[in-house]
Amino acid sequence: MTTFKILLAAGAITAVGVTGAAAGTLDDIRAKGFVQCGVSTGVPGFSFTDDAGNWQGFDPSVCQGVAAAVFGDASKVKFTPTTGKTRFTALASGEIDVLARNTTWTFSRDVDLGFTFVGVNYYDGQGFMIPKALGVTSAKELDGASVCIQTGTTTELNLADYFRTNNMSYEPVPIETNEEARTNYLAGRCDVYTTDASGLAASRAAFDNPADHIVLPEIISKEPLGPLVRQGDDQWGDVVRWTLNAMINAEEYGVNSSNVDEMAGGASNNPEVARLLGSEGDLGGMLGLEKNWAYNVIKQVGNYGEVFEKHIGSDTPIGLERGINALYTDGGLIYAPPMR
């Protein structure tokens, strides 16, 4: 029997005491002048720092959109890198206002830990990556594997379920961060790397020789990823939720950062576009925001499709196709309630 080692990394489940968010989060954010956003410690395409040290990526774009909605300025956001173990404590304690990183929406996190997931911005599932030289073609060939695990994660739990269901055994070896995971994998200390499939694609794209690594065909879990806030302040939850919804609806309505001025000027005869951009009605007022809150989001950050293609799409090094993350009108799962 071939001996394997698996590297496991993903979103952590850490038991934390949660108290309801104090009403008035939006007022507190305005008073300090920025949104404090929790992100990962780094996943190529999804969350990373540029050459100037500024956070960029698919996930930070959510918080930049929220800053644009609240302040009319997408730059009024500060980022706190969080690990799988620290992210929930940071949110529960009020250290951050919103968590926007690869975090799976689960029953226990929503109900027991007392967080509110405001939506799904990426539908994912757990997979396995191995060096091509190993010659393995299926995750079901991994019996007896030594598993490097980012402890307290949904990935850890999914792996245990998968091996148990398939009557396989493994030896857990704990690791801490995504960077440690990639380092161990490339150093040969773990032969197999398992995390969300998007994370595998991101890591593989950053390798010196990505063609030397393959992703096995099995997807063993559902991983709906999305931003979350503390329970207890519905207004703040609505601001984050409808910022994401505005970006999704804008793509569906054909509104993007390049044509939003034209659309706001009446180029579209779609009433939902008029309501979205604040030229009809006052949806912003219902949120405690300006009428042009969504205009600012789209103008400064872009619609959902623009953000996807800019950071992780098929023309980027990450190279992800839209797949199930296409709009529902294109056969995907991305769908937002109407702007009315």
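Remember, it's a predicted structure, so these values are computed and weren't measured experimentally.
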- Answer yes if Leu276 and Trp242 sit in the same cluster of Ile, Leu, Val, Met, Phe, Trp and Tyr residues linked by side chain heavy atoms under 4.5 Å apart, and no otherwise. yes

- Task: May I ask whether Tyr162 and Ile130 are part of the same hydrophobic cluster, defined by side-chain heavy atoms of I, L, V, M, F, W, Y residues being less than 4.5 angstrom apart, directly or through others?
- Result: yes

- Flag the pair Lys32 and Asp97 as a salt bridge only when some basic side-chain nitrogen lies within less than 4.0 angstrom of an acidic carboxylate oxygen. yes

- Message: Could you check whether atom CD of Glu218 has more than 12 heavy atoms from other residues, nucleotides or ligands sitting under 6.0 Å from it?
- Response: yes

- With a 4.5 Å limit on heavy-atom distance, are the side chains of Asn121 and Pro227 in contact? yes

- Task: Supply the atom-to-atom distance Arg30 CZ to Lys76 NZ, rounded to the nearest 0.5 angstrom.
- Result: 11.5 Å

- Give a yes or no on whether Leu244 and Trp236 share a hydrophobic cluster (residues Ile, Leu, Val, Met, Phe, Trp, Tyr; joining criterion: side-chain heavy atoms under 4.5 Å apart). no

- Message: I want to know whether His213 and Tyr185 have ring centres closer than 6.0 Å.
- Response: yes

- Query: Any donor-acceptor pair under 3.5 Å linking the side chain of Asn270 with the backbone of Glu272?
  - Reply: yes

- Is the distance between the ring centroids of Tyr122 and Phe46 under 6.0 Å? yes

- Task: List the steps, then state whether salt bridge (charged side-chain N to carboxylate O under 4.0 Å, His left out) holds for Arg322 with Asp330.
- Result: CA-CA 10 Å; Arg322 288 292 292 269; Asp330 296 324; over 6 Å; no

- Task: Answer yes or no: is there a donor N or O on one side and an acceptor on the other, between the side chain of Glu95 and the main chain of Thr80, under 3.5 Å?
- Result: no

- Item | Electrostatic pair Asp238-Arg241, nearest N-O below 4.0 angstrom | yes

- Message: Below 30° counts as parallel, above 60° as perpendicular, anything between as tilted: where do the rings of Phe79 and Trp55 land?
- Response: tilted

- Query: Does Lys310 NZ have over 12 foreign heavy atoms under 6.0 Å away?
  - Reply: no

- Would a distance-only check, ignoring hydrogens and angles, find a side-chain to backbone donor-acceptor pair under 3.5 Å from Thr243 to Val239? yes

- Message: Using a 6.0 Å cut-off, check whether atom NZ of Lys222 has over 12 heavy atoms from anything other than its own residue.
- Response: no

- Hey, could you give me the CG/CD1 distance between Leu277 and Ile298, rounded to the nearest 0.5 Å? 5.5 Å

- Ser221 side chain to Gln126 backbone, donor-acceptor under 3.5 Å: yes

- Message: For Asn256, is there any backbone N or O sitting under 3.5 Å from a side-chain donor or acceptor partner on Asn259?
- Response: yes

- Message: In this structure, would Phe117 and Ile334 fall into the same cluster of hydrophobic residues linked by side-chain contacts under 4.5 Å?
- Response: yes

- Message: In this structure, would Ile324 and Leu320 fall into the same cluster of hydrophobic residues linked by side-chain contacts under 4.5 Å?
- Response: yes

- Is Glu262 atom CD crowded by more than 12 heavy atoms from other residues, nucleotides or ligands, each under 6.0 Å away? no

- Is Lys78 positioned over the aromatic face of Phe34, cation under 6.0 angstrom from the ring centre and no more than 45 degrees off axis? yes

- Query: Any idea how Phe308 and Phe58 line up, ring-wise: parallel (<30°), tilted (30 to 60°), or perpendicular (>60°)?
  - Reply: perpendicular

- Would Phe115 and Trp105 count as a side-chain contact (heavy atoms from CB on, under 4.5 Å) if you check the C-alpha gap in whole Å, the side-chain angles of each, and the deciding distance to 0.1 Å? CA-CA 10 Å; Phe115 297 127; Trp105 188 348; over 6 Å; no

